[in-house]
There are 2 protein chains.
Amino acid sequence: MQPANAYAAQCPTRLVLDRVADKWTVLVLGLLAEGPLRFNELRRRVEGVSQKMLSQTLKGLERDGLVTRRAYATVPVTVEYRATPLGHTLSATLDPLRIWAETYIAEVQAAQRRYDAVA
Amino acid sequence: MQPANAYAAQCPTRLVLDRVADKWTVLVLGLLAEGPLRFNELRRRVEGVSQKMLSQTLKGLERDGLVTRRAYATVPVTVEYRATPLGHTLSATLDPLRIWAETYIAEVQAAQRRYDAVA
DNA sequence: CTTTATGGTATCCAATGGAAACCAAGTGCC
DNA sequence: GGCACTTGGTTTCCATTGGATACCATAAAG
């Protein structure tokens, strides 16, 4: 088995990076790392996500073993999502990304204004 | 000014997260953090990236102040890209993501096989 | 009897991504 | 002289994706 190398096109790491380097994944997993949430609660908290994309994102996260889904036979049905231990390790590495965005947003926007002024 | 919050739809942080949570951005910036590279060298190293997407990714990174572009009037023209200090801070926060992917790839793939076996 | 809530799926259209062709300028090759 | 090859792109076209909207079953509340 070859060493993992995300820069090689056929490396399976690339597939994982694809899934992980995704806007909704970062946001959804970030919330689930704080505690379990239900579908519509996630939908309200992650502003702008459509039902389709949230459903799709959660399915992907579940398939990757990052999130578990539990349905309760209440009425209406209750479905609870929570991060697995593996999901928590990923969320922990994604936290700095959200923090970076919030920290350097002003610098990035200033750079954008400079760039756009020239062009 | 409101505090940055990536979960709010209108928050500019969301825009930054969009750009940053991108496959090609992660890979390209990761290489440029190691040292300056030319366009076609990047293209060869980031396997599978098309000229269009590489060009687009680099333009975005430049606009965000994460990468600088320098053209030399050689023949054929030489264009060199390098990470800015800001770009280095982002790359440093993205490194753990690539490392996570390479570390846990086996676990993720095992989870996928389990999931697919049930379905 | 209509509205509300749950957690989705189905459908449609716009936007995005990728493959391939094309471009200019100059150098080497035959 | 003429063809191919290099650089760093842009353009064009088509397939895939994303998002908005409508729809579904079930049951409780008003």
Side-chain angles (χ1 to χ4, degrees), chain A residues 6-11 14-15 17-28 31-32 36-64 67-82 115 118-119, chain B residues 6-11 14-15 17-28 31-32 36-64 67-82 115 118-119:
Chain A
Y7 289 97
Q10 320 85 330
C11 180
R14 183 66 81 78
L15 298 175
L17 194 60
D18 261 34
R19 287 259 17 262
V20 149
D22 168 76
K23 178 176 51 163
W24 300 129
T25 295
V26 173
L27 294 171
V28 168
L31 281 180
L32 289 182
L37 286 173
R38 300 171 54 182
F39 187 87
N40 279 317
E41 209 168 328
L42 272 170
R43 192 152 77 93
R44 280 187 292 268
R45 296 247 237 143
V46 182
E47 290 182 23
V49 71
S50 66
Q51 283 191 318
K52 178 177 153 186
M53 286 315 295
L54 180 55
S55 169
Q56 212 169 97
T57 301
L58 286 168
K59 266 186 199 163
L61 286 170
E62 197 192 352
R63 185 169 110 96
D64 289 351
V67 153
T68 55
R69 187 193 116 109
R70 218 171 297 176
Y72 301 93
T74 56
V75 164
V77 65
T78 301
V79 178
E80 193 185 71
Y81 292 92
R82 59 177 67 210
Y115 184 95
V118 173
Chain B
Y7 290 96
Q10 320 84 330
C11 180
R14 185 65 81 77
L15 297 175
L17 194 60
D18 261 33
R19 287 261 16 265
V20 148
D22 169 75
K23 178 175 52 162
W24 300 129
T25 296
V26 173
L27 293 171
V28 168
L31 281 180
L32 290 180
L37 286 172
R38 298 171 56 183
F39 187 87
N40 279 318
E41 209 168 330
L42 272 170
R43 192 150 78 93
R44 279 186 292 267
R45 295 247 238 145
V46 182
E47 290 183 22
V49 71
S50 66
Q51 283 192 318
K52 179 179 150 185
M53 286 315 295
L54 180 54
S55 168
Q56 213 169 95
T57 301
L58 286 167
K59 264 187 199 162
L61 287 170
E62 197 192 353
R63 186 169 109 96
D64 290 350
V67 153
T68 54
R69 188 193 115 111
R70 218 170 298 175
Y72 300 94
T74 56
V75 165
V77 66
T78 301
V79 178
E80 194 185 71
Y81 292 92
R82 59 177 68 212
Y115 184 94
V118 174

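Sequence lines set the chain letters: A, B, ... in the order given, protein chains first and strands last, and positions in each chain run from 1. The figures that follow rest on heavy atoms only: side chains count, while hydrogens, waters and symmetry mates do not.
Distance from the side chain of A:Val77 is smallest for C:dG7 among the nucleotides D:dA27, D:dT7, C:dG7. With C:dG26, D:dG19, C:dT9 as the choices, the nucleotide that has an atom nearest any side-chain atom of A:Lys59 turns out to be C:dT9. The side chain of B:Lys52 lies closest to D:dT12 when the candidates are D:dT12, D:dG9, C:dT6. When the nucleotides C:dA5, C:dG8, D:dA20 are ranked by their closest atom to the side chain of A:Pro76, C:dA5 comes out on top. For B:Val79, counting side-chain heavy atoms from C-beta on, the closest listed nucleotide (D:dG8, D:dT7, C:dG26) is D:dG8.
Residue-level contact check: B:Tyr72 touches neither bases nor backbone, having no heavy atom under 4.0 Å from any strand. A:Arg70 comes within contact range of no nucleotide atom at all, as no heavy-atom separation falls under 4.0 Å.
For the OP1/OP2 pair of D:dG19 and a distance below 4.0 Å, the side-chain nitrogens and oxygens of A:Trp24 include at least one atom meeting the criterion.
Rounding to the nearest 0.5 angstrom, the gap separating the CZ atom in B:Arg19 from the OG1 atom in B:Thr57 is 7.0 Å. Between atom CH2 of residue B:Trp24 and atom CG of residue B:Leu54 there is a gap of 9.0 Å, rounded to the nearest 0.5 Å. Between atom CZ of residue A:Phe39 and atom CD of residue A:Glu80 there is a gap of 14.5 Å, rounded to the nearest 0.5 Å. The line from CZ of A:Arg69 to NZ of A:Lys59 is 9.0 Å long, rounded to the nearest 0.5 Å.
With DNA chain C read from its 5' end, the first of the two nearest nucleotides for A:Ser55 and A:Arg44 is the one closest to A:Arg44. The residue among A:Glu41 and B:Lys23 whose nearest nucleotide of DNA chain C lies closer to the 5′ end is A:Glu41. Along DNA chain D, the nucleotide nearest A:Gly48 and the nucleotide nearest B:Thr78 are compared for position; the residue whose nucleotide lies closer to the 5' end is B:Thr78. Between B:Gln56 and B:Arg38, the one whose closest nucleotide on DNA chain D sits nearer the 5' end is B:Arg38.
Rounded to whole Å, the distance from CD on B:Glu80 to P on D:dG8 is 10 Å. One atom, CG of A:Leu58, and another, P of C:dT9, lie 11 Å apart when rounded to the nearest Å. We find that CD of B:Gln51 is positioned 13 Å from P of D:dT11, with the value rounded to whole Å. Distance B:Arg43 CZ to D:dG8 P: 10 Å, rounded to the nearest Å. Atom CG of B:Leu54 is separated from atom P of D:dG8 by 10 Å (rounded to the nearest Å). Between the CG atom of A:Asp18 and the P atom of C:dG17 there is a distance of 12 Å, rounded to whole Å. In this structure, B:Met53 places its CE atom 16 Å from P of D:dT11, rounding to the nearest Å. B:Arg69 has its CZ atom 9 Å from the C1' atom of D:dG9, to the nearest Å.
Distance alone, capped at 3.5 Å, places no donor-acceptor pair between the A:Tyr115 side chain and the B:Asp64 backbone.
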